Amino acid sequence: MRVPKIASTFTVSVLLACAVLTIGCTKRTAKNRKAAPEFSLKDANGQTVHLSDYKGKVVLLDFWATWCGPCKIEIPWFMEFETQFKDQGFAVLGVSMDEDGWAAIKPYVRDRKMNYRVLLGDDKVGTSYGGLDALPTTLLIDREGNIASVHEGVAMGKEEFKNAIVQLLGSPSVSAPVASRGALALLTSPGSR
Amino acid sequence: MPGDDYLIPIKLTWNKDPLEAEQVTYPKAQQEKLSFSPNPISVYTGSFEIGTRFKAPPTAMPGMAFMNGKLRYQACNNKECLPPRTVDVRVTLDIQ
């Protein structure tokens, strides 16, 4: 019987796209803020959660995934913020973009004892928040439901995040007469690699 | 695994027709210490090659053929990760 031979061996060349990653922070003054897109997502108990449920609170909205190593740096910070500020009208929402859904998320949440509400994201929410090209992407949303700042990647440290939250918690609402003095003083830390 | 249970290692897979992928060979990875992990992570950077040895079954017809496969990978650095991607891979083979 004839045994076919292959003329040559093959390799697949791969060029990683790591070099194009960029990180950074975008902040907006109170009067220039835009409304955070509304969403309707499920939490681990199957309960539907809307962003608008949190109107009146300062929200730290963190898009993350179990496969995102750098997200692990921030999660303990956000757990601490949840504990420290929840009684002052603050909440952390973690939106996981894991394709494998709760099967991947639940063990991770349990292992890390995550104390804030975790939601399962989808393509729709990803698109409405600008595509989420990289994770983590974290937004600080003011009490009016407007985006105060966007942080792509681990763009700033724990204390800077905390200061930004404290400032938002203390800020008057946009409709108040002194709103123009309520601008955030977030630091910008553009990354390089 | 790249050194962390939750990270997604690069993987090249091939369809079973018209040839069979007998062995996929990955290059030696670099061990890098990234800020999010206490242990070094196995990574590839820059340009690298993944080799495959194909086996032709006796029924394979001589001539030009295509092998289709998929490459799944995840790219990260110290600060952020791109979402995992699966890309189509295709090579042309001359079966003699």
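Since we're looking at a predicted model, the values are computed, not measured. Scope of the values below: all heavy atoms of this structure, side chains included, with no hydrogens, waters or symmetry mates. Reminder, nothing fancy here: chain letters follow the sequence lines and each chain counts from 1.
Heavy-atom minimum distance, B:Asn77 versus A:Pro70: O-CG, 3.4 Å.
Within a 6.0 Å sphere centred on NZ of A:Lys34, heavy atoms belonging to other residues, nucleotides or ligands number 12 at most.
In this structure, no portion of A:Asp98 lies under 4.5 Å from any heavy atom of chain B. Of the atoms belonging to A:Glu74, not a single heavy atom falls under 4.5 Å from chain B.
The CG atom of A:Leu135 lies 9.0 Å from the CG atom of B:Leu82; values are rounded to the nearest 0.5 Å.
Between A:Lys158 and A:Glu80, at least one side-chain nitrogen of the basic residue sits less than 4.0 Å from a carboxylate oxygen of the acidic one, meeting the salt-bridge criterion.
Residue with the most contacts toward chain A among B:Pro84, B:Gly69, B:Ser35: B:Pro84 (heavy-atom pairs, distance under 4.5 Å).
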